[in-house]
Amino acid sequence: MNRIFLVLISSTFFAIQGFAQVSFTQDKELLTTIEQSLDYIYNTDVATANKLNEEVGHKLPNHPVYPMLKALTIRAAHNPINLGSPEFYEMKGYLERVLSLSEEILKKDEMHPEANFFAMASIGLLAMYENDEGNHFKAVGMAKDAYTYLKNGFELKEAYPEFYFSSGLYNFYRVKYPELHPVYRPFMLFFRDGDISLGLEQLKKAYHQSIFMSPESGEYLTHIYLRYEDQPENALRYARALVKKYPKNLYFVTNFLDAAIAADQFSGLDTYVQQLQTSDRPYYQMTGKLFEGMLQEKRDHQWRAAEKSYIKSLEYAPGLKNDEAENYVSYAYAGLARIAHEEEKHDAARSLYKKALANAHYRPVTEEATAYLK
């Protein structure tokens, strides 16, 4: 999940009189509809979310909020979305519409909070997917464009706590991303310095104080503590809260299981594993079998059963074109390598760790595989 920016949509609803001739603060009914839509989006109730989205679009036909809600709904229904799929291009079309409408507002008021956020959100998401597609330098160029809007957010976060999310992400990834990907360091000269500790504190403020960005902040805190900071107990705290509030969100369920197993907290996980396995989406069928194998290996010490589950999880992987699926493939190969090592099949273990390393995106697997292969 090489993501510098993510969904900043709902922090934009502190409107001033604007392009859409509607102030969210004056239209309480509209604000409630948007809040309800976001709740349904995060709980992946797509049908209900879309009904509410159409109500918003009817009231604000020329405002970026409507295409952004549509983009987020597609993302929720297919998260993590397969690159190049029809849904992927439909989502990109909505994001491009968001950017176009936002730029129209900014022509009249370059410090308009809503427009700055929507422009940053759309460019940020588009840059993220360009990066995932392998268009790394194009992604960096788009991130530079988003930086203009991000800088405006730095000045507004005290007045609007939602801006702590974007500021926190920036401060963390401004340091971490070039640290992990040195090829991008020359491009970072165009950006102000970051601060990892400050970034984490700002994300925590967004999680506790923001109205709209709390789920995204919780997701990122889970991700950061699990993937970068090697603090699975802290990751689990946020992952558990999200899965409790949004129990139908299989993406949050996956993150919860990942954090719980990393923290050696195995109690009560089988129900969540079953929830993934009964999904009709290959990605969650894959992660369900993967986590089943990890529990069989780490909790139950049933090597044969775990080996079968890991192999089965890999059967779902072909056709899944996203970084997160690839990273979970590395988990499965690492699990198979550990089992081979237990059986003293050291050549097989080395071969499997090489496959794990080829697919890994984050330090837990890369460090484990690298250490074994030395």
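All figures in this text were calculated on a predicted structure; none of them were measured in a lab.
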Check your understanding: Quick check: does any side chain N or O of Ser37 sit under 3.5 Å from a backbone N or O of Ile34, one acting as donor and the other as acceptor?
Key -> no
Check your understanding: Do Leu320 and Leu250 belong together in a cluster built from hydrophobic side chains that touch within less than 4.5 Å?
Key -> yes
Check your understanding: So, for Ala239 and Thr222, which heavy atoms are closest and what is the spacing to 0.1 Å?
Key -> N-OG1, 3.3 Å
Point to revise | Where at least one partner belongs to residues 64-73, residue pairs that pass salt bridge (charged side-chain N to carboxylate O under 4.0 Å, His left out), sequence neighbours excluded | key: Glu54-Lys70
Review point. Heavy atoms, side chains only, cut-off 4.5 Å: are Gln302 and Glu297 in contact?
Key: no
Practice item. Please list, chain by chain and in numerical order, all residues satisfying salt bridge (Lys or Arg N to Asp or Glu O under 4.0 Å) with Lys107, sequence neighbours excluded. Key: Glu104
Review point. Does Gln202 reach the main-chain N or O of Leu169 with its side chain, forming a donor-acceptor pair under 3.5 Å?
Key: no
Point to revise | Which residues share a side chain to side chain contact (heavy atoms under 4.5 Å, CB included) with Val175, sequence neighbours left out | key: Glu179, Ile196
**Study point:** Worked check of side-chain contact (heavy atoms from CB on, under 4.5 Å) between Phe118 and His63
**Key:** CA-CA 10 Å; Phe118 279 115; His63 192 285; 3.6 Å; yes
Practice item. Indicate, with yes or no, if Val365 and Leu314 share a hydrophobic cluster defined by side-chain heavy-atom contacts under 4.5 Å among Ile, Leu, Val, Met, Phe, Trp and Tyr. Key: yes
Review point. So, the side chain of Thr73 versus the backbone of Leu69: is there a donor-acceptor pair under 3.5 Å, distance only?
Key: yes
Point to revise | Non-neighbouring partners of Tyr284 that pass ring pair (Phe, Tyr, Trp, His ring centres under 6.0 Å), sequence neighbours left out | key: none
**Study point:** Atom of Leu269, atom of Leu295 and distance for their closest heavy-atom approach
**Key:** CD1-CD2, 3.9 Å
Check your understanding: Looking only at atom types and distance, does a side-chain atom of Gln277 sit under 3.5 Å from a main-chain N or O of Gly288, one as donor and one as acceptor?
Key -> yes
Review point. If Ile, Leu, Val, Met, Phe, Trp and Tyr residues are connected whenever their side-chain heavy atoms lie under 4.5 Å apart, and connections chain through other members, are Leu101 and Tyr66 in the same group?
Key: no
Review point. Where do Glu292 and Lys312 land on the salt bridge (Lys or Arg N to Asp or Glu O under 4.0 Å) test, with the steps shown first?
Key: CA-CA 10 Å; Glu292 178 183 73; Lys312 184 64 177 179; over 6 Å; no
Point to revise | With Asp258 via side chain to side chain contact (heavy atoms under 4.5 Å, CB included) - residues at least two apart | key: Leu226, Arg227, Phe291, Tyr328, Tyr331
Check your understanding: Between Asn249 and Asn43, what is the shortest heavy-atom contact and its length?
Key -> N-OD1, 4.0 Å
Check your understanding: How far does CZ of Arg75 sit from CD1 of Ile41, to the nearest 0.5 angstrom?
Key -> 10.0 Å
Revision key, fill the gap. Contacts of Asp270 meeting salt bridge (Lys or Arg N to Asp or Glu O under 4.0 Å) (sequence neighbours excluded), chain-then-number -> Arg299
**Study point:** From CA spacing to verdict: side-chain contact (heavy atoms from CB on, under 4.5 Å), Tyr310, Arg338
**Key:** CA-CA 11 Å; Tyr310 286 140; Arg338 289 190 297 269; 3.7 Å; yes
Exercise for review: Would you check if the side chain of Thr366 reaches a backbone N or O of Arg363 as a donor-acceptor pair within less than 3.5 Å?
Suggested key: yes
Exercise for review: Write out all pairs satisfying side-chain hydrogen bond (donor to acceptor under 3.5 Å, both in side chains) with one or both partners inside residues 231-241, taking only residues at least two apart or from two chains.
Suggested key: Gln231-Asn234, Asn234-Arg237
Point to revise | Donor-acceptor pair between Ser85 and Asn82 side chains, under 3.5 angstrom | key: no
Exercise for review: Tell me, please, which residues at least two apart from Ala77 pass side chain to side chain contact (heavy atoms under 4.5 Å, CB included).
Suggested key: Val46
Review point. If two hydrophobic side chains count as joined below 4.5 Å and joins carry through other members, does Leu290 share a cluster with Val273?
Key: yes
Exercise for review: Please report the shortest heavy-atom distance between Ala317 and Val329, naming the atom on each side.
Suggested key: CB-CG2, 3.6 Å
Check your understanding: Above 12 or not: heavy atoms from other molecules or residues under 6.0 Å from OH of Tyr372?
Key -> yes
Check your understanding: Looking at CG of Asn79 and CD of Glu324, how far apart are the two atoms once the value is rounded to the nearest 0.5 Å?
Key -> 6.5 Å
Review point. With side chains defined as the heavy atoms from C-beta onward, is the minimum distance between Pro215 and Leu38 less than 4.5 Å?
Key: no
Review point. Phe172 vs Tyr228 aromatic rings, parallel, tilted or perpendicular, using cut-offs 30° and 60°?
Key: tilted
Exercise for review: To the nearest 0.5 Å, tell me how far Ser197 OG sits from Asn171 CG.
Suggested key: 10.0 Å
Point to revise | Gap separating the CZ atom of Phe256 from the CG atom of Leu236, nearest 0.5 angstrom | key: 6.0 Å
Review point. If two hydrophobic side chains count as joined below 4.5 Å and joins carry through other members, does Tyr40 share a cluster with Leu242?
Key: no
Check your understanding: Do Glu315 and Lys289 meet the salt-bridge criterion of a basic N to acidic O distance under 4.0 Å?
Key -> no
Exercise for review: Ignoring hydrogens and angles, tell me if any N or O in the side chain of Ser351 forms a donor-acceptor pair with the backbone of Asp347 under 3.5 Å.
Suggested key: no
Exercise for review: Over all heavy atoms of both residues, which pair between Asn327 and His361 is shortest? Give the atoms and the distance, please.
Suggested key: OD1-N, 2.9 Å
Point to revise | Test salt bridge (Lys or Arg N to Asp or Glu O under 4.0 Å) applied to Lys204 - qualifying residues, sequence neighbours left out | key: Glu201
Check your understanding: Under 3.5 Å, is there a donor-acceptor pair between the side chain of Thr33 and the main chain of Glu29?
Key -> yes
Review point. From Thr287 OG1 over to Tyr283 OH, what is the distance, rounded to the nearest 0.5 angstrom?
Key: 6.0 Å
Point to revise | side chain to side chain donor-acceptor pair (under 3.5 Å) against Lys345, all qualifying residues, sequence neighbours excluded | key: Glu343
Point to revise | NZ/Lys355: more than 12 non-hydrogen atoms of other groups inside 6.0 Å | key: no
Check your understanding: In Å, rounded to the nearest 0.5 Å, how long is the span from CG of Leu203 to OH of Tyr164?
Key -> 12.0 Å
Check your understanding: Any sub-3.5 Å donor-acceptor pair from Tyr170's side-chain atoms to Arg192's backbone N or O?
Key -> yes
Point to revise | Within-4.5 Å side-chain heavy-atom neighbours: Lys176 and Glu229 | key: yes
**Study point:** Where at least one partner belongs to residues 80-106, residue pairs that pass ring-ring contact (aromatic ring centres under 6.0 Å, His included), sequence neighbours excluded
**Key:** Phe88-Tyr129
Practice item. For residues Ile123 and Leu95, determine if any side-chain heavy atom of one lies less than 4.5 Å from a side-chain heavy atom of the other. Key: no
Check your understanding: Does atom NZ of Lys308 have more than 12 heavy-atom neighbours, drawn from other residues, nucleotides or ligands, at distances under 6.0 Å?
Key -> no
**Study point:** Minimum heavy-atom distance between Ile261 and Met294, given as atom pair plus value
**Key:** CG2-CE, 3.9 Å
**Study point:** Residues in side chain to side chain contact (heavy atoms under 4.5 Å, CB included) contact with Leu373, at least two apart in sequence or another chain
**Key:** Arg350, Tyr353, Lys354, Leu357
